[in-house]
Amino acid sequence: MMKTRREFIKQASLAASATVLLPSCVASSDKNMLPKIGVQLYTVRNEMDADALGTLKKVAAIGYKKIEAASYVDGKGYGYTAAELKTILGDLDLQMTSGHAGLDIFRNQFDQYLDFMAEVGQEYAVLPWLPTEDRSAIDQFKEYAALLNASGEKAQKMGLKVCYHNHDFEFLPIDGQLPMDILLAETDPNLVQFELDLYWISKVNLKPTDFFAQNEGRVPLWHVKDMANTPERGFAEVGTGTIDFPSIFAKKDVSGMKHFFVEQDKSDNPLKSIETSYRNLTENILV
């Protein structure tokens, strides 16, 4: 017997409700439901230097949808103007959500960099590294906190954001104080957020999830890379080492995570490494 239109609509509605109530693991098995995965282009820095356009095409072909830049010189990213780079990324269905900018840019070229960010569509400016000679005293970190606050205020006026990216040294005491504690305490949470490198915080035997809990909502960016199961505990492709990524991703809402980027500081074959990391994320970790 044919169903009436009303009966059909009722059954369709019940089916839709049942789908909503299915366990999240079922829904997440659909690759289309997975988050857009990013990659930090520092991983493929040599390839970008040799052939930026060709490398971006390979990054997109792997499946990455977001990139974090690691090159800005004289108003250009990887040798391209903001307008040129925006067009290239648009053609490849890539979004440059974040970029690393050195200490000199934060100190002397930040207004210009903000203009570049706004034009290319980049949301976050990240201070990624402090030279060894510039991080030997706690007072230096207080100066960086002030610089980050000032930069964050400028960025906020343009609808943009500022983050600080860690290594291991921020968690090693100087005169009995942790540099990270200074950066956290002396920066305004409304102006300065953090990009947590999951490898480096794990390297000093701290848990990323504890950091999230202590700084709830203040860690919108992550660097996702694994730690080799060797005495040296070096870099490894995501999903091949000792870091428990499922437990970390389970706390993404506590972190306030908005974007995450695969990174591997050193690799004999960087493109192969980011392909392996992408495959492990999509097939084993994010499902």
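Since the structure is predicted, the reported quantities are computational estimates derived from the model, not experimental observations.
- Side-chain contact annotation: Gln264 with Thr43, donor-acceptor N/O pair under 3.5 Å absent.
- The backbone N or O of Asn190 lies less than 3.5 Å from a partner atom in the side chain of Gln156, making a donor-acceptor pair.
- A ring-centre distance under 6.0 Å is found for Phe260 and Phe249.
- Atom-to-atom distance recorded for Asp244:CG and Thr209:OG1 is 9.0 Å, nearest 0.5 angstrom.
- Partners of Glu123 by salt bridge (charged side-chain N to carboxylate O under 4.0 Å, His left out), not counting sequence neighbours, listed by chain and number: Lys161.
- Counting heavy atoms from C-beta on, the side chains of Phe141 and Arg135 come closer than 4.5 Å.
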Exercise. Is there a side-chain hydrogen bond (donor to acceptor under 3.5 Å, both in side chains) between Tyr72 and Gln122 once you walk through the steps?
Worked result: CA-CA 12 Å; Tyr72 174 82; Gln122 177 183 322; over 6 Å; no

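- Annotation: the span from Arg279 atom CZ to Ile274 atom CD1 amounts to 12.0 Å, rounded to 0.5 Å.
- Under a hydrophobic clustering in which Ile, Leu, Val, Met, Phe, Trp and Tyr are joined whenever their side-chain heavy atoms come within less than 4.5 Å, directly or via other members, Ile88 and Val73 fall into different clusters.
- Proximity of a side-chain donor or acceptor of Asp226 to a complementary backbone N or O of Thr242 within less than 3.5 Å is detected.
- Put simply, the side chain of Glu84 gets close to the backbone of Thr81: a donor and an acceptor are under 3.5 Å apart.
- Placement of Val44 and Leu53 within a single hydrophobic cluster is found when ILVMFWY residues are connected by side-chain heavy-atom separations under 4.5 Å, directly or transitively.
- Side-chain atoms of Ser136 never come within 3.5 Å of backbone atoms of Thr132 as a donor-acceptor pair (strictly under, hydrogens ignored).
- In plain terms, the two heavy atoms of Ile243 and Ser202 that are nearest each other are CD1-OG, 4.0 Å.
- Both Ile138 and Leu147 belong to a single network of hydrophobic side chains, linked directly or stepwise wherever heavy atoms of I, L, V, M, F, W or Y lie under 4.5 Å apart.
- In this structure, Asp91 and Thr87 have side chains that are in contact, with non-hydrogen atoms separated by less than 4.5 Å.
- Put simply, the side chain of Arg107 never gets that close to the backbone of Gly102: no donor and acceptor are under 3.5 Å apart.
- Minimum interatomic distance between Ser267 and Ser273 (heavy atoms only, all atoms of both residues): OG-OG, 2.5 Å.
- Of the possible donor and acceptor atoms, none in the side chain of Thr187 sits under 3.5 Å from a partner among the backbone N and O of Ala145.
- Nearest heavy-atom pair, Pro131 versus Leu103, reported as atom, atom and distance to 0.1 Å: CD-CD2, 4.5 Å.
- When His259, His167, His165 are each tested for a ring-ring contact (aromatic ring centres under 6.0 Å, His included) with His223, only one passes: His165.
- Here Tyr124 sits in one hydrophobic cluster together with Val126, Leu221, Phe261; the rule is ILVMFWY side chains under 4.5 Å apart, joined directly or through other members.
- Asn149 places a side-chain N or O within donor-acceptor distance of the main-chain N or O of Asp188, the cut-off being under 3.5 Å.
- The shortest distance between side-chain heavy atoms of Gln40 and His100 falls below 4.5 Å.
- The CG atom of Leu206 lies 5.0 Å from the CD1 atom of Ile201; values are rounded to the nearest 0.5 Å.
- Residues Asp115 and Met158 have side chains in contact (heavy-atom distance under 4.5 Å, counting atoms from C-beta outward).
- Going from atom CD of Glu237 over to atom OG of Ser277 covers 5.5 Å, rounded to the nearest 0.5 Å.
- What you find for Cys163 and Pro220 is that their closest heavy atoms are SG-CG, 4.0 Å.
- At least one side-chain heavy atom of Leu198 sits less than 4.5 Å from a side-chain heavy atom of Phe245.
- In this structure, Tyr199 has its ring center no closer than 6.0 Å to that of Trp222.
- In this structure a side-chain-to-backbone donor-acceptor pair under 3.5 Å is missing from Glu216 to Ala213.
- Closest heavy-atom contact between Tyr78 and Ala70: OH-N, 2.8 Å.
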Exercise. Hey, mind stepping through Lys272 and Glu275 against side-chain contact (heavy atoms from CB on, under 4.5 Å) and telling me if it holds?
Worked result: CA-CA 5 Å; Lys272 184 64 175 178; Glu275 182 179 5; 3.9 Å; yes

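- Residues Glu263 and Tyr42 are in side-chain contact: their nearest non-hydrogen atoms beyond the backbone lie under 4.5 Å apart.
- In this structure, the side chain of Tyr64 does not engage the main chain of Val262 through any donor-acceptor pair within 3.5 Å.
- Taking a cutoff of 4.0 Å between a charged side-chain nitrogen and a carboxylate oxygen, Lys225 and Asp197 qualify as a salt bridge.
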Problem set entry | Verdict with reasoning, Ile37 to Lys66, per side-chain contact (heavy atoms from CB on, under 4.5 Å) | CA-CA 6 Å; Ile37 302 174; Lys66 298 178 182 179; over 6 Å; no

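- Dense packing is recorded around NZ of Lys203, with more than 12 heavy atoms of other residues, nucleotides or ligands lying under 6.0 Å away.
- With hydrogens and angles ignored, the 3.5 Å screen pairs no side-chain donor or acceptor of Asp134 with any backbone N or O of Leu130.
- More than 12 heavy atoms of other residues, nucleotides or ligands lie within 6.0 Å of CG in Asn269, so this atom counts as buried by the packing criterion.
- At a threshold of 4.5 Å between side-chain heavy atoms, the hydrophobic network of Ile, Leu, Val, Met, Phe, Trp and Tyr places Leu127 and Phe171 in one connected group.
- For the pair Gln109/Asp104, a side-chain contact is recorded, criterion being any heavy-atom separation below 4.5 Å from C-beta on.
- Connection of Leu184 to Leu172 is established within a shared hydrophobic cluster, with ILVMFWY side chains joined at heavy-atom distances below 4.5 Å, either directly or through further cluster members.
- A side-chain N or O of Glu68 and one of Ser98 form a donor-acceptor pair less than 3.5 Å apart.
- Side-chain contact between Leu85 and Phe116 is present, with heavy atoms from C-beta onward closer than 4.5 Å.
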Exercise. Met117 and Tyr113: side-chain contact (heavy atoms from CB on, under 4.5 Å), yes or no, with the steps?
Worked result: CA-CA 6 Å; Met117 287 175 59; Tyr113 186 57; 3.6 Å; yes

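- Atoms CD and CE, on Glu232 and Met227 in that order, are 12.0 Å from each other to the nearest 0.5 Å.
- Heavy-atom minimum distance, Thr55 versus Asp51: OG1-O, 2.8 Å.
- Rounded to the nearest 0.5 Å, atoms CD1 (Ile285) and OG (Ser247) are 10.5 Å apart.
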For this session: Might you work through the side-chain contact (heavy atoms from CB on, under 4.5 Å) test for Val238 and Tyr278, ending with a clear yes or no?
Result: CA-CA 8 Å; Val238 177; Tyr278 182 88; over 6 Å; no

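- Counted by atom type alone, Gln193 and Tyr164 present zero donor-acceptor pairs between their side chains at under 3.5 Å.
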